[in-house]
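Notes to accompany the following structure.
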Amino acid sequence: MLRWMPLLTLVIGLFALVSGLYESPQGPPWYGILIAAMLFFLALADLSVRLSGRPLDKGLRSIQGPLLWSLLLILGFRITDFSAPVEALLYSFFLFVLLLTQPSRIFSPPLLLIPAAQGLLALAGHLSLRFFAVQLVLMLTGASLGWALAGGRGAAFARTLFNRSNAATRQPLSPAPVRSGGRTGVSCRELASRSLEMKLEQLRQCLDLTSVVLLRSSSGQSRLDIVSGTFGRQELKRSGLALGTGLTGALETGMNDLWVAPARGALASMPYYDSPGDVGGCFVLRLDSQDGPVGTSHLLIGDRLEEQPWTEREKITARNCGENLLLTMALGDSVAELAQERDSVRHFCSALRELNGVMELDAVFDATVKVARSILDAEFVTLSLVEEQGHRVVRAEGDDAAALLGKLYAVESGLVGQALKFRKTLPAGGKYPGAAPVFDEKQLFTRFRSLLVIPLQEEDCPPVGVLTVASGSSGLFTSAAREILELLASQVAIKIDLAHSHDQLSKMARIDALTGLSNRGTFEQALEKMMERSKRTGAPLSLLLCDIDHFKKVNDTYGHPFGDEVLRTVGAILAEEVRAIDLAARYGGEEFVLLLEDCDISDAYRLAERIRIRIAARQFSFEGRPVHVSMSFGLAVYPADAEGGKMLIDCADRALYRAKERGRNRVELWALSAVSA
């Protein structure tokens, strides 16, 4: 009965108007005012429903508001006694706004009611025919103007400005995360989400639905995720939608679709509303995609207030829309994967530039780990190099990685060892169940769900190492990501080989090949740096220049191979005697030089004597005969003996010359005030 109250009051008010109840100069009686008040409050209630965003059905309830507004407008003009032209203009403007903002089923009744009511008033003698004619012309003019603008941009602006119910009822939800992606495909998925929302809104308007929602369910889960939707009610659930109740429970019997009208009981309970009610008809369609993950399906659910049975045309429209939604999601996934591959290629090119910009081995290791983490956004990265006894972890970043750094593992142990042995990327598909040992049986990393172990190798060459990446997220390492990493691994293998060669060349440029000591160039650079430190700290710097006595005679008598053996032995003794902060170098031919930091003349002299005694006591053998050699030393100290590097070398050289003059196999000091041994 309450549902028909507005229309019943409308009929009573129209009868009271035509009967002349509001034409008395003294004003309407109390019951006339009561009728007008009832019309006002009913119109206000209808307006509040529309502004709140609650949908109205397609029946009389959807047009009762405009009818109430129209009758109230007429009553107001009759009570206030407006002039006929002003009254006609206001009627014209009212009809113009309705035509511009409302569909035909909404604006048609007022378009008929106002002229009809004015005509009845004219026939009853309450309105002159001349004024009625003027009003009719103005109303037709306003209606014609509204009709002309209804399909243009003016309609869109007016609907945005006036039709609050349309804006309030269309409530899109942010889409739930969908498979395949990561940060590289965000923009593509946003576009796909907007496309889904637009298609759902089109379906909502086409079938005059209250809400329409696309849900996703996965096998083994008891909840539904909202992919997209547009809603006409405010009381919505945002997450944790129950699976297996109401409409979704009906589909568990094996049905692919269900159409309900009128909806009663559990079938009227929508999974996305917090409270039941206001559901006249509903449907649910199961949408299964062959391209989606195994065990995943989508549900398209809609509801409306109208209780009329669903027509075949409406069912076909909904099914076609569902198939279109699947195609849109598949296309969005494909575009997102392409975008991810594009970003991976971009990262790879950037990685090659970074790798090509470094030569030292440590820099290659650092660049490799940095690139691997940036390409895949991996949480765990290690780099291992092959050694004779196995493989050693030289870089490790991420949770649980620090404990691995520097450890040596057998080639046969764990997935890393298997990848090295079989020269293949493991495990297949990049999925890690958390049960297989990675480095050895003690390292399971149960929290990881994605894992790739990639050998560092050049085509058919043996691996030089292995790159291990892992993450707690599932499905992170796609086939495209695996190909990129394998290509990166081959480039890293080449770079490691080049870095080894570069290190060897650098070492050759710094080291004397025969003795293994530093060469003259390295000595000159070290002398400059050590003297700078000596200036800053005030600590003495001692220089010992030493020469093998009669070395030319040794070469001439026993041959150059024997002479080379003597040079190597002397070099080894010098390397053993100096400290880590000192420098031993081959100065040229049979000459050697020692740089002793923070070492005064007494300590330097004692060191030189110890070395001299060791060399003199060393017995060489040539064709069964013993051979002995000796060595002479010249010592100078900075800053006591010299002011610069050249002068310090010259002082030590003169001291060495004095040692040779005085019989060789001795240590001579340049300083005249030197302490005796």
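- Under the salt bridge (Lys or Arg N to Asp or Glu O under 4.0 Å) criterion, E576 pairs with R614, not counting sequence neighbours.
- A salt bridge is defined here as a Lys NZ or Arg NE, NH1 or NH2 lying under 4.0 Å from an Asp or Glu carboxylate O, and R666 with E668 meets this definition.
- Screening residues 554-570 for salt bridge (charged side-chain N to carboxylate O under 4.0 Å, His left out), with sequence neighbours left out, gives K552-D556.
- There is a side-chain donor-acceptor pair under 3.5 Å between N665 and R612.
- Using a 4.5 Å heavy-atom threshold, the side chains of L594 and L574 count as touching.
- In summary, the side chains of S632 and D547 do not present any donor paired with an acceptor at a separation below 3.5 Å, with no hydrogens or angles considered.
- Outside the 6.0 Å centre-distance limit, the rings of F592 and Y587 are not counted as a close aromatic pair.
- Comment: R654 engages D650 in a salt bridge, judged by a side-chain N to carboxylate O separation of less than 4.0 angstrom.
- Applying the salt bridge (charged side-chain N to carboxylate O under 4.0 Å, His left out) definition to pairs two or more places apart or across chains, those involving residues 415-424 are E412-K421.
- In this structure, the side chains of T557 and F622 stay at 4.5 Å or more apart for every pair of heavy atoms.
- Contact check for R625 versus E623: side-chain heavy atoms found under the 4.5 Å cut-off.
- Within 6.0 Å of the CD atom in E661, the count of heavy atoms belonging to other residues, nucleotides or ligands exceeds 12.
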